[in-house]
Amino acid sequence: MYFFNYYNDFYNLDVYYNFLGFLLRNYIAKIKPYFYFIVGKRPERFKNAPAFFLMKMSEEYSAKDIKILEGLEGVRKRPAMYIGSTGKEGLHHLVYEILDNSVDECLAGFCNLIKIKLNKDGSVSVEDNGRGIPVDIHPVYKKSAMEIIVTKLHAGGKFDKKAYQVSGGLHGVGISVVAALSKKMIVEVKRDGKVWMQSYKIGVPDAPVKVICECEKGISGTKVTFFPDDTIFLTTKFDYNTLLTRFREVCFLNPGLKIIFEDEINNKKEELHFPGGLVEFIKWLNRTKEVLHQPIYFKKKNNDDLSLEVAIQYNNSYNDNIQGFVNTINTIEGGTHIVGFKTALTRVINDYAEKKGLLKNGGKLEGDDVREGLTGIVSLRLKDPQFEGQTKTKLGNSEIKGVIDSIVSNALTEFFEENPSIANKIAQKSLEAYKAREAAKKAKDLVRRKNAFGGGGLPGKLADCSSNKKEKTEIYIVEGQSAGGTAKGARDKEFQAILPLKGKILNVEKASPVKALSSEEIANLITAIGTGIGENFDIEKLRYNKIIIMTDADVDGQHIKTLLLTFFYRYTPQLIETGHIFVAVAPLYKVRKGQKDIYVYSDEELKKVLKEIGGKPEVSRFKGLGEMNDEQLWDTTMNPKTRILKKISIEDAVEADETFSILMGDAVAPRRKFIEENAKYAEVDL
């Protein structure tokens, strides 16, 4: 590293030389082993500058400093580049990478059964009845093709489109990344009446591929068993329901496929097979809602490169749920196929409404209007998809937008002409949303006129922070005036803002947008955050980097937290997707022994602490944040150095939408069933 200092940096030349002399007298002896000085030599770009000194590290930056990461070492150095994270999401992504390879065999017409097992030893097995990974010797590398596929990045049969016309695993890195991030991995292949096997440790083969036994001729398939590396992942415990949701999606999207999922640890087993495909899928998504009509379904093939399936069904809710898939990959961030679908839907419903004279005075339905209450599934099979990133959460092919727009426009227009009763129900639903949007706009203006907001357009109850560096700021959404007062006293005013809420906010799952936006508390929340909602959402206008929900640890506090999360998920899901929503973890107990206070956040932790410190300490239970003094709240819940924050994420949009609908919607029976199944996991305040 070089540091150039010349006299222009100083207002006084004498000061500069005195400073230089000070350095030479006092520090050269100390730092000589690490630096050497060249005085008076001027690089070309400094030829007009007066005398300066150049300080350079003794080790030069040259060719010998360039390190090449061999084999799969790069994956272990930067795992998030390949699987998104080293947390729970990345762990489950390992299973999806192996699953995608088996599903590709299904797409190619060679596989109709996949068995997945969570084994008692912590490993995961994925077995299919496809063709089996090739095991013959590669003509260039002179090794078994199986070993090449597993141990080398970008090796596979999906690049020239001869073995696979359509596939989800496109980069040739899936199984090799899993191998690199696993302590141990075993691959078994059935082909040509034999069972071939090779095992690996951190992606390195233990021995060459070998035949371990014979099998019945005509039987083929691949079985992959892997043990996630606990030195890489924050957790190696798989979540059964998270995996089940993904496997269910895959079976809905591939009607001819059956998946048998078994959890040996918790003694659970599911067989998934849905011959009805997307029609069954959309009925399943809407099973907790009151639907307006039977599903609309169409399948169109543009050419050999593209096939599109779409299912549409409206319900009586105020929210939309559009699920996009490309080659069975859930593109949770959307992409050009979803943009094309939305554009076509808006145009077709507008055309129908105008044709029937439903729109007056030149009114126009917007995207939010036609999507209110919509559940839609867009499943695209594409020969050469361009995903953004290895985790494949967004489709980037620019040409696809126009193609999907055209296909959906034609198919939906034709359906409306042949089914006028359904078309009219959808148009009326959109028209109601249009009227509600206009009313909501008036309601919002009315709230402003009633002085709900303080000076500068911000809520009067907001205690703002002083810093204008957005990346360092955070806002605490606090339950009640009492806790709000304590939080204001405890906070660091430079970067922490406080917005106290008056009790429980409205349940937006059950309320119309008009009613929701007429709520003073919700209006305050939207204004304080700054991004707007719906089509007016703009992440650049976000006023705080962290939005932190801070409620009591009791049942009421949990309810308020759920209501707030429902609001964020339904009105500003982008804030969750981009990692701006957090929940503060407040302590349950204070344990005092002598003059030392220990804050404890769970009953399990309390038992552990009491066992460690012995004796008879004084244990007090916090009933609410308002009980704490300023110092206690800062130390336990607001100090960035000591606090615990939970980042809220949407691991799977299908599961998230379903859960919010069940917990916060009108249907009682599904909510009761959900509570019965999950009560054992709840933290109950008694």
Worksheet item: Going by distance alone, is a donor N or O of one side chain under 3.5 Å from an acceptor N or O of the other, for Lys504 and His559?
Response: yes
Practice prompt. Could you pull out all residues at least two apart from Lys515 that satisfy side-chain hydrogen bond (donor to acceptor under 3.5 Å, both in side chains)?
Written response: none
Worksheet item: Judged by atom type as modelled, is there a donor-acceptor pair below 3.5 Å linking the side chain of Glu309 to the main-chain atoms of Phe298?
Response: no
Fill in: With Glu414 via side chain to side chain contact (heavy atoms under 4.5 Å, CB included) - residues at least two apart
Glu418
Worksheet item: Mind checking what makes ring-ring contact (aromatic ring centres under 6.0 Å, His included) contact with Phe238, not counting sequence neighbours?
Response: His92
Discussion item. Ignoring hydrogens and geometry beyond distance, is a side-chain donor-acceptor pair present between His93 and Glu97 at under 3.5 Å?
Written reply: yes
Item to complete: Give a yes-or-no answer on whether the side chains of Asn319 and Glu372 include a donor-acceptor pair shorter than 3.5 Å.
Response: no
Discussion item. For Phe247, give me all partners under ring-ring contact (aromatic ring centres under 6.0 Å, His included), at least two apart in sequence or on another chain.
Written reply: Phe261
Without placing hydrogens or testing angles, list every side-chain donor-acceptor pair under 3.5 Å for residues 347-357, not counting sequence neighbours.
{"unit_1": "Arg347", "atom_1": "NH1", "unit_2": "Asp405", "atom_2": "OD1", "d": "2.8"}
{"unit_1": "Arg347", "atom_1": "NH1", "unit_2": "Ser409", "atom_2": "OG", "d": "2.7"}
{"unit_1": "Arg347", "atom_1": "NH2", "unit_2": "Asp405", "atom_2": "OD1", "d": "3.2"}
{"unit_1": "Arg347", "atom_1": "NH2", "unit_2": "Asp405", "atom_2": "OD2", "d": "2.8"}
{"unit_1": "Asn350", "atom_1": "OD1", "unit_2": "Leu365", "atom_2": "N", "d": "3.0"}
{"unit_1": "Asn350", "atom_1": "ND2", "unit_2": "Thr346", "atom_2": "O", "d": "3.2"}
{"unit_1": "Asn350", "atom_1": "ND2", "unit_2": "Leu365", "atom_2": "O", "d": "2.8"}
{"unit_1": "Glu354", "atom_1": "OE2", "unit_2": "Lys364", "atom_2": "NZ", "d": "3.2"}

Worksheet entry | salt bridge (charged side-chain N to carboxylate O under 4.0 Å, His left out) partners for Lys541, two or more places apart | none
Discussion item. Using only atom types and a distance under 3.5 Å, with no angle test, would you say the side chain of Asn129 pairs donor to acceptor with the backbone of Leu113?
Written reply: yes
Discussion item. Test of understanding: with side chain to side chain contact (heavy atoms under 4.5 Å, CB included), list the residues that count as partners of Glu577, not counting sequence neighbours.
Written reply: Pro573, Gln574, Ile650
Worksheet entry | Counterpart residues, side-chain hydrogen bond (donor to acceptor under 3.5 Å, both in side chains), relative to Glu432 (two or more places apart) | none
Worksheet item: Do Asp369 and Ser430 have side-chain N/O donor and acceptor atoms under 3.5 Å apart?
Response: no
Practice prompt. Say whether, by atom type as modelled, one donor and one acceptor occur between the side chain of Asn315 and the main chain of Ser317 under 3.5 angstrom.
Written response: yes
Fill in: Test: Lys394 cationic atom under 6.0 Å from Phe387 six-membered ring centre, within 45° of axis
no
Fill in: Residue pair Thr531, Glu540: steps toward the side chain to side chain contact (heavy atoms under 4.5 Å, CB included) verdict
CA-CA 7 Å; Thr531 58; Glu540 296 300 318; over 6 Å; no
Item to complete: Please name all residues satisfying side chain to side chain contact (heavy atoms under 4.5 Å, CB included) with Ser102, sequence neighbours left out, ordered by chain then number.
Response: Ile114, Val126, Asp128
If you look only at distance, which donor and acceptor atoms sit under 3.5 Å apart when one is on a side chain in residues 333-340 and the other is two or more places apart or in another chain?
{"unit_1": "Glu333", "atom_1": "OE2", "unit_2": "Thr393", "atom_2": "OG1", "d": "2.8"}
{"unit_1": "Thr336", "atom_1": "OG1", "unit_2": "Asn397", "atom_2": "O", "d": "2.7"}
{"unit_1": "His337", "atom_1": "NE2", "unit_2": "Thr331", "atom_2": "OG1", "d": "3.0"}

Worksheet entry | By ring-ring contact (aromatic ring centres under 6.0 Å, His included) - contacts of Phe582 (at least two apart) | none
Discussion item. Quick one about Gln323 and Asn321 (side-chain donor to acceptor, distance below 3.5 Å, no hydrogens or angles considered), yes or no?
Written reply: yes
Discussion item. Can you list everything that forms a side chain to side chain contact (heavy atoms under 4.5 Å, CB included) with Lys301? Sequence neighbours excluded, please.
Written reply: Asp304, Ser307
